Amino acid sequence: MKSLFKAFRKLMIWGTITSTLLFIGITLIQIYGRFFMVKAPSWSEEAARVAFIYAIAFAAGLAVRGSYYVDFGFLAQKLKPRLQKRLTYFVWGVTVIFIVLFTYYAIDFLMLGLLEKSPSLKYKMAISFSGIAIMGLSILVHLLDQKPKI
């Protein structure tokens with residue numbers, strides 16, 4: 001099971017790197033187009049937005065894994081160690097429930113995107129909307145991997 005989590009983590013790392021590099025590259029094309037071309041490419045703004053959404057989606061679970069989020073640990077430190085563990089488990093459980101609901105509705109939102117098309121790139125909006133579902137799945141998998149022990 002650990003090797004599955006490791007493979008998933010590598011996929012998220014490569015997805016983050018690829019999406020970020022695409023975002024940077026497309027943004028450079030936008031800058032070049034606005035300064036040196038008669039007419040800047042109209043697709044670049046929307047493509048950069050999609051690349052940014054995917055970069056955030058892939059990186060969100062990695063941020064959870066690395067504990068790169070706001071933490072109110074200073075409040076829990078005043079509690080007894082046993083209560084600290086229970087509070088940690090409770091917060092983890094509530095977060096898992098929230099992310100499961102988030103992912104469920106993100107997939108529902110993704111299905112709505114099958115009916116719409118992008119304004120400038122003319123692709124199905126489900127491609128853009130899938131970033132939200134990827135984010136939910138990424139966070140959920142990393143939360144399950146980091147389950148606290150009581």
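Computation of the quantities below employed the complete heavy-atom set of this structure, encompassing side-chain atoms and omitting hydrogens, waters and symmetry-equivalent molecules. None of the values given here were measured: they were computed from a predicted structure.
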(Q) Which Ile, Leu, Val, Met, Phe, Trp or Tyr residues join L137 in one cluster when any pair of side-chain heavy atoms under 4.5 Å counts as a link? (A) none

(Q) Would you compute the distance between atom CG of L22 and atom CD1 of I29 and round it to the nearest 0.5 angstrom? (A) 9.5 Å

**Q.** salt bridge (Lys or Arg N to Asp or Glu O under 4.0 Å) pairs, two or more places apart, involving residues 50-63
**A.** none

Q: Tell me, please, which residues at least two apart from F102 pass ring pair (Phe, Tyr, Trp, His ring centres under 6.0 Å).
A: none

Q. Can you list the residues that meet the ring pair (Phe, Tyr, Trp, His ring centres under 6.0 Å) rule with F98, with sequence neighbours excluded?
A. none

Q.
Per the salt bridge (Lys or Arg N to Asp or Glu O under 4.0 Å) rule, what does the pair list look like for residues 128-145, sequence neighbours excluded?
A. K2-D145, R9-D145

Q) Going hydrophobic residue to hydrophobic residue with side-chain gaps under 4.5 angstrom, can you get from L121 over to L110? A) no

Do any side-chain atoms of residues 53-62 form donor-acceptor pairs under 3.5 angstrom with protein atoms, and if so which ones, sequence neighbours left out?
{"unit_1": "Y54", "atom_1": "OH", "unit_2": "I127", "atom_2": "O", "d": "2.5"}
{"unit_1": "Y54", "atom_1": "OH", "unit_2": "S130", "atom_2": "OG", "d": "2.4"}

Q) Under a single-linkage definition using a 4.5 Å side-chain heavy-atom cutoff for Ile, Leu, Val, Met, Phe, Trp and Tyr, are Y105 and V141 assigned to the same hydrophobic cluster? A) no

Q.
Which heavy atom of T27 sits nearest to which heavy atom of A48, and what is that distance?
A. OG1-CB, 4.2 Å

Q. Looking at residues at least two apart in the chain, or sitting in another chain, which of them share a ring pair (Phe, Tyr, Trp, His ring centres under 6.0 Å) with F8?
A. H142

Q | Heavy-atom donor-acceptor pair, S19 side chain to G15 backbone, under 3.5 Å | A | yes

Q: Tell me, please, which residues at least two apart from E45 pass salt bridge (Lys or Arg N to Asp or Glu O under 4.0 Å).
A: R34, R49

Q) Going by heavy atoms in the side chains, are L87 and Q84 under 4.5 Å from each other? A) no

Q.
Nearest 0.5 Å, please: how far is CD1 in I107 from CD1 in I132?
A. 11.5 Å

Under 3.5 Å, which donor-acceptor pairs do the side chains of residues 35-43 form with other protein atoms, sequence neighbours left out?
none

Q.
Measuring from atom NZ of K147 to atom OG1 of T88, what distance do you get when rounded to the nearest 0.5 angstrom?
A. 13.5 Å

Q: Only counting residues at least two apart or in another chain, list the ones meeting side chain to side chain donor-acceptor pair (under 3.5 Å) with S128.
A: Y123

Q. Mind checking whether F52 and F23 have parallel, tilted or perpendicular rings, split at 30° and 60°?
A. tilted

Q: Using the salt bridge (Lys or Arg N to Asp or Glu O under 4.0 Å) rule, collect all pairs that involve residues 114-127, keeping only residues at least two apart or in two chains.
A: none

Q) Is any side-chain heavy atom of L144 less than 4.5 Å from a side-chain heavy atom of W92? A) yes

Q: Quick one: pull up CD1 in I97 and CG in L143 and give me the separation to the nearest 0.5 Å.
A: 11.5 Å

Q) Which pair of non-hydrogen atoms, one from S44 and one from I26, has the smallest distance, and what is that distance? A) O-CG2, 3.1 Å

Q: Tell me whether M125 is reachable from M111 by hopping between hydrophobic residues (I, L, V, M, F, W, Y) whose side-chain heavy atoms are closer than 4.5 Å.
A: no

Q.
Holding to side chain to side chain donor-acceptor pair (under 3.5 Å), I want the full list of residues that pass it with E46, two or more places apart in sequence or in another chain.
A. S118, S120

Q. Any side-chain heavy atom of V100 sitting closer than 4.5 Å to one from L140?
A. yes

Q) Looking at CD1 of I13 and OG1 of T18, how far apart are the two atoms once the value is rounded to the nearest 0.5 Å? A) 11.5 Å

Q.
In this structure, would V91 and L83 fall into the same cluster of hydrophobic residues linked by side-chain contacts under 4.5 Å?
A. yes

Q. Looking at CD1 of I139 and OG1 of T95, how far apart are the two atoms once the value is rounded to the nearest 0.5 Å?
A. 10.0 Å

Q. Under a 4.5 Å side-chain heavy-atom rule over Ile, Leu, Val, Met, Phe, Trp and Tyr, are F129 and M135 clustered together?
A. yes

